[in-house]
Amino acid sequence: MSDTRRMLAEMADPLFAELGFEADDARDWARVEDLGLPLLLLSEEDGGFGGNWQDALTVFRLAGYHALGPSLPEAIVAKVASQGSDAHFQLMAFARTAQIAGALDAALRLSVDYANERQQFGRPLGKFQAVQQSLATFACEAAAANCAAVGAAQALDRGDAAFEIAAAKLRANQAVGVGTRVAHQVHGAIGFTQEYSLHHLTRRLWQWRSDFGHDAYWSGVLGKSVIERGADNFWPDLVARTD
Amino acid sequence: MQTFEPEAIDWPDTAGALRDRVRGVLADHGPLDPVLRANSWTKPDPEFSRRLGEADLLGMTWPREYGGHEASQLERYVVIEELLAAGAPVGAHWIADRQSGPLILRYGDEAMKRRWVPAIARGEAFACIGLSEPSSGSDLASVRTSARREGEGWVLNGQKVWTTGAHVAHFMIALVRTEPGSERQRGLSQFLVPMDTPGISVKPIIDLTGAHEFNEVFFENVGLSPDALLGTEGDGWAQATAELSLERSGPERYLSSMVLLLELIRVAGDDAGPSVRELAGRLAAEAWTLRLMSASVAAKLARGEDASLEATIVKDLGNSYEQAIPELVHRTVAMDLDGPDVLSMVTAYLLQVSPSFSLRGGTREIIRGIIARGLGLR
Ligand SMILES: Cc1cc2nc3c(=O)[nH]c(=O)nc-3n(C[C@H](O)[C@H](O)[C@H](O)COP(=O)(O)OP(=O)(O)OC[C@H]3O[C@@H](n4cnc5c(N)ncnc54)[C@H](O)[C@@H]3O)c2cc1C
């Protein structure tokens with residue numbers, strides 16, 4: 001992680017943790033603005049932070065991790081793309097990808113901690129192989145969503161990222177299915193209560209999966225484009241995007 | 001909680017030139033059989049391996065002194081992903097280039113390095129892995145094949161099984177028990193065993209497709225010279241498990257069925273229905289994600305960082321992906337598995353071999369157990 005990004009994270013993390021899912025736009029927006037976060041992507045001449053998309057990823061991901069209430073990603077993206085444009089839709093799909101990645105990591109953390117604390121049959125749940133295997137699949141999905149988000153951010157910083165955003169949002173959407181299922185299963189009934197915090201993550205994850213392109217949408221878009229390009233271009237196209 | 005710290009990958013500037021070099025060797029080699037392009041890293045073709053050696057595409061990261069080319073890990077990554085995506089028959093040298101060469105360079109003595117490493121880099125010396133035994137599968141620490149000291153050297157007795165390419169290999173790197181009566185992970189050592197040593201017999205095991213890829217290997221009073229010991233006596237377990245992280249995260253862990261995705265795209269055409277389109281899109285997205293994950297482990301290993309948890313995650317996701325492709329294509333496209341068209345032939349072949357993808361190199365359950373330990377659950 002670069003120094004600016006580490007600094008951003010150190011700034012945003014405690015505030016997001018404090019505001020969390022209870023934050024609301026009317027009451028707490030000023031504190032988010034005080035940190036200059038909505039201007040993240042504007043250049044320094046324009047009074048912004050001069051950040052790139054990998055910086056934005058750090059902020060979006062943390063917003064997801066803490067299930068942050070205020071619509072900060074929307075505000076950040078609105079500064080660089082106008083609502084209703086294709087670019088806006090894509091950039092918001094990227095923002096949701098990053099939020100999903102963060103929220104999955106948070107739900108994984110909760111689930112692993114819970115599995116290590118909660119005892120049944122005289123030992124922690126996490127000692128049961130069936131529970132271990134489910135959490136391992138969850139960890140893989142969270143890892144895939146996070147790597148996809150980084151890949152899309154890096155592509156945005158390089159230029160055209162239509163393919164990467166489509167692929168990353170689709171991959172993150174799929175991870176939502178596995179992650180939410182395992183998180184709730186491991187938590188048992190307590191995870192199904194209003195009092196316990198898991199649902200702040202999982203209900204947002206479900207929402208974010210359908211926001212700015214559900215699975216069928218993005219797989220249709222991607223499928224159409226790879227079929228049009230043809231079998232012989234698939235691999236050369238894929239590697240050309242990074243070479 | 002972040003188990004896999006993703007990173008922005010610094011792809012080498014030389015990538016394009018390296019890919020051209022690989023494509024050149026492939027063009028000289030001539031057209032590949034479409035079915036054999038699937039799972040091509042188990043298909044040996046010694047002549048092809050020698051051509052790669054001549055083109056400086058083997059032993060790429062090793063010191064020049066030992067026949068290597070001092071390229072970076074990511075440059076090597078570019079070459080191997082290009083070979084696998086094309087379905088090149090890289091089986092003969094695959095194991096030697098991936099893990100045995102690096103292992104010898106790390107633990108071997110000077111004579112061993114000079115004897116084997118340049119020959120591997122020329123595509124002339126091939127290796128096999130001697131871990132599994134009839135009663136040691138997932139429970140690898142129970143190996144019983146033994147080497148006991150006799151005079152200056154060692155005498156090897158026992159049996160290995162499922163040894164891929166033992167019938168093509170020039171040497172085996174075997175994990176055996178050197179301390180009589182020792183238990184589990186203790187008292188194990190690694191040996192470099194030349195396959196032409198008297199007392200070794202190799203018996204084919206034919207797999208369910210009718211192919212001969214793996215073998216049983218018997219050792220009957222096999223005399224080994226003192227310098228056959230690889231690394232330190234008693235450190236075999238640590239050495240062998242370090243080797244596994246080279247083995248688990250490469251592009252071969254997700255590309256074994258790539259040729260079928262390409263065939264799906266080929267037959268889809270302009271009038272593809274939504275189910276085929278969505279399947280192609282979903283498989284493309286996963287290929288893109290896994291490529292970044294696998295390369296990001298290569299980048300970590302190149303910096304000398306421990307990436308064993310990440311490598312295991314890549315293996316689990318990658319194997320699930322390459323195993324799912326034939327299942328999903330079979331489910332989505334009407335076909336006759338006995339049919340003569342390429343899509344049917346490749347699907348039929350991959351349906352049969354894909355069960356092995358989540359067995360070889362550590363089973364899915366063992367791999368997930370390792371991930372769970374990484375999560376702090378065990
Ligand atoms: C194509 C192929 C090539 C191979 N090549 C080589 C090679 O070159 N060299 C070599 O040494 N080996 C090789 N192997 C062997 C491979 O490493 C073993 O198959 C693997 O380690 C599993 O061992 P096993 O087959 O004895 O299955 P077992 O260990 O008997 O396992 C059977 C099933 O039980 C499950 N299981 C076992 N223990 C546990 C547990 N504790 N908890 C939960 N589930 C468990 C396993 O996950 C698996 O699903 C190859 C295998 C294949 C299929």
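Labels below follow one simple rule: chain letters A, B, ... track the order of the sequence lines, proteins then strands, and each chain is numbered from 1.
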Let me see the working for B:L317 and A:E141 under side chain to side chain contact (heavy atoms under 4.5 Å, CB included), right down to the final yes or no. CA-CA 8 Å; B:L317 286 171; A:E141 292 297 303; 3.6 Å; yes

Output, in order, the C-alpha distance, side-chain angles, deciding distance and verdict of side-chain hydrogen bond (donor to acceptor under 3.5 Å, both in side chains) for B:E81 and A:W235. CA-CA 10 Å; B:E81 70 167 2; A:W235 183 260; 5.3 Å; no

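Heavy atoms of A:Q132 lying under 4.5 Å from chain B belong to its backbone as well as its side chain. Proximity to chain B involves both the backbone and the side chain of A:V239, based on heavy atoms less than 4.5 angstrom apart. With a 4.5 Å cut-off on non-hydrogen atoms, A:Q174 touches chain B through its side chain but not through its backbone. Within the 4.5 angstrom heavy-atom criterion, only side-chain atoms of A:V150, from C-beta onward, approach chain B. Neither the backbone nor the side chain of A:Y217 comes within contact range of chain B; no heavy atoms are under 4.5 Å apart. In this structure, chain B has heavy atoms under 4.5 Å from both the backbone and the side chain of A:A139. Looking at A:R158, there are no atoms closer than 4.5 Å to chain B (heavy atoms on both sides), in backbone or side chain. Neither the backbone nor the side chain of A:A107 has a heavy atom closer than 4.5 Å to any heavy atom of chain B. Within the 4.5 angstrom heavy-atom criterion, atoms from both the backbone and the side chain of A:L108 approach chain B. Contacts between B:L255 and chain A at a heavy-atom distance below 4.5 Å involve the side chain alone, from C-beta outward. Neither the backbone nor the side chain of A:Q129 comes within less than 4.5 Å of any heavy atom in chain B.
Here the shortest heavy-atom pairing between A:G151 and B:L292 reads CA-CD1, 3.5 Å. Pairing each heavy atom of B:T289 with each of A:A144, the nearest pair is CG2-O, 3.7 Å. Across all non-hydrogen atoms, the minimal contact from A:D243 to B:G16 is OD2-N, 4.3 Å. The minimum heavy-atom distance linking A:A152 with B:W288 is given by the pair N-CH2, 3.8 Å. What you find for B:I9 and A:Q154 is that their closest heavy atoms are O-NE2, 3.1 Å. The two residues B:Q2 and A:D105 make their nearest non-hydrogen contact at CG-OD2, 3.5 Å.
Not a single donor-acceptor pair under 3.5 Å links the side chain of B:D316 to the backbone N or O of A:C140.
Taking a cutoff of 4.0 Å between a charged side-chain nitrogen and a carboxylate oxygen, B:R266 and A:D232 qualify as a salt bridge.
Between chain B and the residues A:E228, A:E164, A:R229, the most heavy-atom pairs under 4.5 angstrom are made by A:E164. Ranked by heavy-atom pairs under 4.5 Å with chain B, the list A:K169, A:R61, A:R241 is led by A:R61.
Residues A:K127 and B:L377 form no side-chain contact, since every pair of their non-hydrogen atoms from C-beta on lies 4.5 Å or further apart.
Exactly one residue among B:R291, B:M293, B:E310 makes a side-chain contact (heavy atoms from CB on, under 4.5 Å) with A:C147. That residue is B:M293.
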